[in-house]
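What follows is a structure written as structure tokens; I'll ask about it next.
What you see below is based on every heavy atom in this structure, not just the backbone, and it leaves out hydrogens, waters and symmetry mates. Within every chain, numbering begins at 1; the chains are lettered A, B, ... in the order of the sequence lines, protein sequences first and strands thereafter.
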Protein chains: 2
Amino acid sequence: MDNISHTEENYLKAIFKIAEKEEGRPVNTNAISVEMKTTAASVTDMLNRLSKKELIHYEKYKGVTLTIKGGRLATLLVRKHRLWEVFLVEKLHFSWDEVHDMAEELEHIQSEELVERLDDYLGRPKFDPHGDPIPDAEGNFTFRKQAPLADLHQGEKGIVVGVQDHSTAFLQYLDKLQLSLGAQVTVVERFDYDESMKIALNGDKEHIVSKKVSQNLFVQKQ
Amino acid sequence: MDNISHTEENYLKAIFKIAEKEEGRPVNTNAISVEMKTTAASVTDMLNRLSKKELIHYEKYKGVTLTIKGGRLATLLVRKHRLWEVFLVEKLHFSWDEVHDMAEELEHIQSEELVERLDDYLGRPKFDPHGDPIPDAEGNFTFRKQAPLADLHQGEKGIVVGVQDHSTAFLQYLDKLQLSLGAQVTVVERFDYDESMKIALNGDKEHIVSKKVSQNLFVQKQ
DNA sequence: AATATTATTTAGATTAATCTAAAAATTGTA
DNA sequence: TACAATTTTTAGATTAATCTAAATAATATT
């Protein structure tokens, strides 16, 4: 009776993800149906089930929040997902745009002992291959001061630490430009016309990147 | 329409496993229901589904055999299961009695690319932590001449290469006796009374092992 | 060969997860 | 406030996987 299905886990993750963006406000049915690519009716059904299992607080028409139990579970799923991504990239040499779907399956593997050993084996990484923080076994996320590249002024420097957009297209484009995590970027010039900017990579190679790119790339100012 | 569920995969594995023991004779419903710990009625249901997907040849009351497609899939599952077991033991330092259930989940992870990379990463092992052969990407098993320890005569020597019984209890007992894969055993004396035998481990430490133990341990004669 | 036993299948229900269509509640706007 | 638009829920069906109980087929035994 306490078993949680993959589907239920996916709903919890979806709710967690939306709640993150919405800063804790109750998550509404429609948002979940969009995230889960399903109908609102199916979501309502599932919300009743999750509520019965005390994984969410749910009041008809009022949206949902995660219970302590639900939140812990969602965080564990995020932890597992990101650790497996590190494994796939660091050990099996996949590239950062290939690992999402596999991690989406691997995160459902049950054993907590496995997660802890995997974490050890990987050297207790604090961030995944996209720069997203990996919660520790207690569920604590490492916080890092970061800003979209778009926020830097002319002359400012930053280290690439993450991405907002996780799409294959974006990640592969970044690879082409050699804009990988750890790269140093300097804003050489900003162009008001289309809000693009010229950047220098590791003080050398120059590129012009669009507004869309600079908004989706996180840097740590230096 | 070509998607195969975890449950369907588990049935294929069960059929494959029974067919192995039965040397290719059609597998009957009851045997499957025992292996799958379910009712014969559920099995019949599933056989119809697998047959529709052309994974098995099925005739009412006549039992089933795997189709080429079904056999390939079952072999891939065995390959994945055993490779993940190697990973868990070699890389995450689990012991051989702990890995079965985790591998049972991991074998359902889809990506074939992942399997091949995992295989590479592990150094293309030919046998898993219990000494069972790991089929290669083409589905070929490495054959090895082996015999139950029980078959050795007084004075004969062998190297432990596998187990028949995979139960936790047996594996843990072997650990206690330091009877791990690769150990050399010499049959010091055989006792007709209860068919137990005295063995020497790596030409040194002596034990008396029961008939049950010697029948469930595979050795390669030297 | 007739009967008893065992194996297998069918029939009918159940549960999780989903859907469409319709109803009800909430929110936005004139 | 009243009406319109949007969001959410309910009702009723569907599919996969399961079950129990009953019926049927195959096999074994006298």
Side-chain angles (χ1 to χ4, degrees), chain A residues 1-15 18-19 21-22 25-66 70 73-74 77 104-105 107-108 110, chain B residues 1-15 18-19 21-22 25-66 70 73-74 77 104-105 107-108 110:
Chain A
M1 203 136 292
D2 227 305
N3 276 358
I4 289 156
S5 70
H6 288 197
T7 312
E8 289 168 334
E9 288 191 337
N10 288 336
Y11 273 94
L12 288 179
K13 263 212 337 175
I15 294 165
I18 299 162
K21 277 200 294 264
E22 303 284 317
R25 281 184 292 277
V27 172
N28 49 347
T29 304
N30 249 1
I32 300 170
S33 77
V34 170
E35 178 70 27
M36 292 295 296
K37 294 181 176 63
T38 186
T39 62
S42 302
V43 174
T44 301
D45 245 34
M46 181 55 85
L47 295 184
N48 282 309
R49 235 168 300 135
L50 293 176
S51 180
K52 198 172 293 170
K53 293 194 179 184
E54 299 185 334
L55 294 164
I56 59 171
H57 299 293
Y58 171 47
E59 263 188 286
K60 266 191 190 184
Y61 295 104
K62 303 281 162 137
V64 299
T65 55
L66 293 172
L73 232 156
L77 286 164
E104 207 69 20
E105 292 184 62
E107 76 193 8
H108 297 293
Q110 294 289 321
Chain B
M1 205 134 288
D2 228 307
N3 276 0
I4 290 155
S5 70
H6 286 197
T7 312
E8 288 167 335
E9 290 191 336
N10 288 336
Y11 273 94
L12 288 179
K13 263 212 335 174
I15 294 165
I18 299 162
K21 278 201 291 267
E22 302 283 318
R25 282 185 291 278
V27 173
N28 49 348
T29 304
N30 249 1
I32 301 171
S33 76
V34 170
E35 178 70 28
M36 293 294 297
K37 297 180 176 62
T38 185
T39 62
S42 303
V43 173
T44 302
D45 245 34
M46 180 56 86
L47 295 184
N48 283 309
R49 235 169 298 135
L50 294 175
S51 180
K52 199 172 293 170
K53 292 193 180 185
E54 300 185 333
L55 295 165
I56 59 172
H57 300 293
Y58 172 47
E59 262 189 285
K60 267 193 194 185
Y61 295 102
K62 304 280 162 137
V64 299
T65 55
L66 293 173
L73 231 155
L77 286 164
E104 208 68 20
E105 292 184 62
E107 75 193 10
H108 297 293
Q110 293 290 322

Item checked: Interface residues of residues 54-65 of chain A with DNA chain D (non-hydrogen, below 4.0 angstrom) -> A:Y58, A:K60, A:Y61
Note to self: Can you confirm whether B:E107 sits close enough to B:E9 that some side-chain heavy atom of one is under 4.5 Å from a side-chain heavy atom of the other?
What the structure shows: no
Notebook entry, point to check: Do B:V43 and B:I15 have side chains that get closer than 4.5 Å, going by heavy atoms?
Noted result: no
Checklist line | Heavy-atom side-chain contact between A:H108 and A:N10 under 4.5 Å | finding: yes
Check: Quick one: does B:S33's side chain have a donor or acceptor within less than 3.5 Å of a partner on B:N30's backbone?
Finding: yes
Check: Are any non-hydrogen side-chain atoms of A:T38 and A:Y11 less than 4.5 angstrom apart?
Finding: yes
Next item on the list: Using a 4.5 Å cut-off on heavy atoms from C-beta on, say whether the side chain of A:V64 contacts that of A:L50.
Entry: no
Checklist line | Distance below 4.0 Å between A:N28 side-chain N/O and D:dT8 OP1 or OP2 | finding: yes
Which atoms of nucleotides 14-18 of chain D (N or O only) lie under 3.5 Å from a protein N or O atom, and what are those distances?
unit_1: D:dA17; atom_1: OP1; unit_2: B:S5; atom_2: OG; d: 2.5
unit_1: D:dA17; atom_1: OP2; unit_2: B:R49; atom_2: NH1; d: 2.3
unit_1: D:dA17; atom_1: O5'; unit_2: B:R49; atom_2: NH1; d: 3.3
unit_1: D:dT18; atom_1: OP2; unit_2: B:Y11; atom_2: OH; d: 3.4
unit_1: D:dT18; atom_1: O4; unit_2: B:D45; atom_2: OD2; d: 3.2

Notebook entry, point to check: Between B:L47 and B:I32, is any pair of side-chain heavy atoms under 4.5 Å apart?
Noted result: yes
So which protein nitrogen or oxygen atoms get under 3.5 Å of nucleotides 4-6 of chain D's nitrogens or oxygens?
none

Notebook entry, point to check: Does a side-chain heavy-atom distance below 4.5 Å link B:I56 with B:V27?
Noted result: no
Next item on the list: Give the ring-plane orientation class for B:H6 versus A:H6, where under 30° counts as parallel, over 60° as perpendicular and anything between as tilted.
Entry: perpendicular
Next item on the list: Apply the salt bridge (Lys or Arg N to Asp or Glu O under 4.0 Å) test between B:E8 and each candidate in B:K13, B:K52, B:K53; give the one that qualifies.
Entry: B:K53
Margin query: In whole Å, I'd like the distance from the CG atom of A:L47 to the C1' atom of D:dT9.
Written below: 11 Å
